[in-house]
Amino acid sequence: MNIEQIYTGCLAQGAYYIESNGEVAIIDPLREVQPYLDRAKRDNAKIKYIFETHFHADFVSGHVTLSKQSGAPIVYGPNANPSFETIVAEDGQEFRVGDLTIKVLHTPGHTMESTTYLLKDADGKDHAIFSGDTLFLGDVGRPDLAQKAADMTQEDLAGILYESLRTKIMPLADDIIVYPAHGAGSACGKNMMKETVDTLGNQKQMNYALRADMTKEEFVKEVTDGLLPPPKYFPLNVKMNKEGYEDIADVLDRGTTALAPNEFEVAANETGALVLDVRHQNEFVKGHVPRSIFIGLNGDFAPWVGALIADVKQPILLVTPEGKEEETITRLSRVGFDGTIGYLKGGFEAWMSAGKEFDTITSLSAEEVTPKINAKEVPVFDVRKEGEYQSEYVVNANHTPLSLLNEHLAEFPKDKTFYVHCAGGYRSVIAASILKSRGYHNLIDIAGGFGALKKAGAEVTDWVCPSTL
């Protein structure tokens with residue numbers, strides 16, 4: 001028996017490769033499927049089944065393409081209704097993979113088709129569960145993502161999730177290994193651990209949602225408390241996962257069209273494409289294509305693209321570091337953004353060499369701006385997350401989380417200079433690029449963010465532990 005967790009940090013997502021006696025099962029594959037095919041070939045094995053734990057909202061799975069290329073059927077649990085051919089399994093149904101058995105445990109609540117897969121070893125002993133978004137390490141799946149489709153409230157779904165956990169998962173043995181679909185950083189939960197594998201026994205001890213004496217009412221209240229609005233691209237990813245999508249090879253072929261500066265400019269004007277610059281923020285502030293948006297590859301790239309661009313059908317033109325074009329298109333496609341129509345050949349240096357107009361962002365050090373901040377001479381906008389801000393913030397700073405920036409543009413002044421900061425400098429440049437594209441040219445980015453401000457002596461509030469908020 002060979003179990004491999006294929007974890008993608010920038011998505012906080014775990015896919016799984018299970019091999020036994022020349023047969024392979026893949027669980028929740030990523031959009032680019034060649035690595036799974038290559039791995040099976042290396043093991044001289046055949047992919048027999050592709051299991052999906054549910055219709056994912058935060059990424060586009062590779063199930064459709066992988067099934068087409070491997071010939072393996074796609075398996076969902078009860079209540080699934082995809083547009084393509086699939087096996088909709090019954091609760092308790094078993095599938096053989098080599099010497100192993102994979103048993104379907106229908107665990108609705110995160111979504112109504114959510115399913116946990118119980119892996120039994122060659123002796124028939126329960127070995128592991130692949131829990132999808134039903135059970136995370138330290139948390140459970142948020143119950144608000146499927147309410148429109150199911151015509152149910154998040155409280156209704158939370159109640160169903162409570163029953164699923166207590167009737168299907170908690171009765172299992174403590175030594176069973178838990179393999180979740182996501183870890184810390186995913187928007188599918190709110191309190192996930194940084195670890196990506198654990199025992200069920202440990203989760204029963206430390207996961208707040210698995211307390212043995214917890215009532216359903218307590219569970220519903222705790223699971224639904226503090227849920228932030230889901231990113232706008234989530235429903236679009238669900239639609240793609242249910243209905244199918246374009247082959248990633250075609251997406252890459254179209255997106256890797258190299259455009260000289262003049263061609264790039266014409267394409268941007270004629271198509272209305274968004275110009276997305278994925279270089280490091282320090283390079284972007286020094287110079288960029290006017291009205292381009294910065295979301296750097298070195299940060300939480302795909303989630304921020306989904307949260308801020310929202311429309312997966314938006315045509316996109318790329319400005320990338322040399323050699324990063326295909327990686328960028330692939331990472332965009334993982335969250336359903338298949339509309340890349342080309343990239344700037346030669347990068348931003350070619351744009352400059354062609355004598356094209358360019359823009360910059362004024363970025364000052366914390367040491368330079370702290371005296372004015374402490375004197376309250378210039379408005380300050382903090383674009384960190386709610387929990388970060390509430391824990392500790394610059395006195396008198398305004399709070400506009402980056403994820404909600406597009407809905408709160410009117411809060412920024414157009415008639416006087418203002419400062420923008422995040423924790424370390426990545427998100428504030430994203431915010432600054434969006435603001436500049438909307439006509440706000442009177443902003444100054446604070447390099448190094450809150451950490452640098454605090455070190456430079458900016459007045460900040462007393463620190464409050466997030467768990468006490």
Q: Apply ring-ring contact (aromatic ring centres under 6.0 Å, His included) to F234 and F55, showing your working.
A: CA-CA 10 Å; F234 271 25; F55 294 120; over 10 Å; no
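- Counting only distance, with no hydrogens or angles, the side chain of E388 and the backbone of K385 share a donor-acceptor pair below 3.5 Å.
- A donor-acceptor pair is defined here as one N or O able to donate and one able to accept, closer than 3.5 Å; such a pair exists between the side chain of N237 and the backbone of V335.
- With respect to S61, the side-chain hydrogen bond (donor to acceptor under 3.5 Å, both in side chains) criterion is satisfied by exactly one of H56, H54, E52: E52.
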Q.
Could you walk me through whether F95 and Y117 satisfy the ring-ring contact (aromatic ring centres under 6.0 Å, His included) test, starting with their C-alpha distance in whole Å, then the side-chain angles of each, then the deciding distance to 0.1 Å, before giving a yes or no?
A. CA-CA 10 Å; F95 296 83; Y117 295 104; 7.9 Å; no
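- Under the 30°/60° scheme for interplanar angles, the aromatic rings of Y393 and Y389 are found to lie parallel.
- Annotation: cation-pi pair R438/F412 absent, no NZ/CZ under 6.0 Å from the ring centroid and within 45° of its normal.
- Ring pair Y16/Y179: centre-to-centre distance below 6.0 Å.
- For the pair K48 (side chain) and R96 (backbone), a donor-acceptor distance under 3.5 Å is present.
- For E163, the CD atom sits in a packed shell: over 12 heavy atoms of surrounding residues, nucleotides or ligands are nearer than 6.0 Å.
- The aromatic rings of H182 and F59 lie perpendicular to each other, with more than 60° between the two planes, well past the 30° mark.
- The shortest distance between side-chain heavy atoms of T134 and L161 falls below 4.5 Å.
- L259 pairs with exactly one of L317, L344, I341 by the side chain to side chain contact (heavy atoms under 4.5 Å, CB included) rule, that one being L317.
- One distance of note links CG of D300 with OG of S186; it measures 11.0 Å at 0.5 Å rounding.
- Of the inter-residue distances, the one linking K68 atom NZ with I74 atom CD1 reads 10.0 Å to the nearest 0.5 angstrom.
- Between the CG atom of D445 and the CG atom of L443 there is a distance of 8.0 Å, given to the nearest 0.5 Å.
- Across all their heavy atoms, D28 and A181 have their closest contact at OD2-CB, 4.1 Å.
- At least one side-chain heavy atom of Y36 sits less than 4.5 Å from a side-chain heavy atom of L30.
- Counting only distance, with no hydrogens or angles, the side chain of E283 and the backbone of H280 share no donor-acceptor pair below 3.5 Å.
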Q | Derivation of the side chain to side chain donor-acceptor pair (under 3.5 Å) call for D139 and Y208 | A | CA-CA 7 Å; D139 200 3; Y208 76 97; 2.7 Å; yes
Q: For D156 and T153, run side chain to side chain donor-acceptor pair (under 3.5 Å): C-alpha distance rounded to whole Å, both residues' side-chain angles, the deciding distance at 0.1 Å, then the answer.
A: CA-CA 5 Å; D156 292 335; T153 67; 3.1 Å; yes
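- Summarising the local packing, NZ of K204 is surrounded by more than 12 heavy atoms from other residues, nucleotides or ligands at distances under 6.0 Å.
- Residue E246 qualifies as enclosed at atom CD: its count of foreign heavy atoms under 6.0 Å is above 12.
- With hydrogens and angles disregarded, no donor-acceptor distance shorter than 3.5 Å links the side chain of D382 to the backbone of V394.
- In this structure, T65 and P29 have side chains that are not in contact, with every pair of non-hydrogen atoms separated by 4.5 Å or more.
- In this structure, E243 places its CD atom where more than 12 heavy-atom neighbours from other residues, nucleotides or ligands lie under 6.0 Å away.
- Y49 places no side-chain N or O within 3.5 Å of a backbone atom of V97 that could act as its donor or acceptor partner.
- Atom NZ of K120 has more than 12 heavy atoms from other residues, nucleotides or ligands within 6.0 Å.
- Looking only at side-chain heavy atoms (C-beta outward), N398 and F418 stay at 4.5 Å or farther from each other.
- Looking only at side-chain heavy atoms (C-beta outward), M214 and R166 come within less than 4.5 Å of each other.
- The structure places CD1 of I27 at 8.5 Å from CD1 of I3, a figure rounded to the nearest 0.5 Å.
- Distance check: I329 CD1 to T257 OG1 gives 8.0 Å after rounding to the nearest 0.5 Å.
- D338 is not listed as a side-chain neighbour of V312, based on a closest heavy-atom distance of 4.5 Å or more.
- In this structure the side chain of I430 never reaches within 4.5 angstrom of the side chain of V383, judged on heavy atoms.
- Ion pairing of K324 with E327 is present here, as a side-chain N (NZ or NE/NH1/NH2) and a carboxylate O approach within less than 4.0 Å.
- Surrounding CZ of R291 are at most 12 heavy atoms belonging to other residues, nucleotides or ligands under 6.0 Å away.
- T330 places a side-chain heavy atom less than 4.5 Å from the side chain of R334.
- Although no hydrogens or angles enter the test, the distance criterion places a donor-acceptor pair under 3.5 Å between the side chain of H399 and the main chain of R384.
- Checked by atom type and distance alone, the side chain of S164 pairs as donor or acceptor with a backbone atom of P108 at under 3.5 Å.
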Q: For side chain to side chain donor-acceptor pair (under 3.5 Å), just list the numbers for T320 and T328, CA-CA rounded to whole Å, side-chain angles, deciding distance to a tenth of an Å, and then say yes or no.
A: CA-CA 8 Å; T320 75; T328 304; 5.3 Å; no
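- Using a 4.0 Å cut-off between charged nitrogen and carboxylate oxygen, K242 and E113 do not count as a salt-bridge pair.
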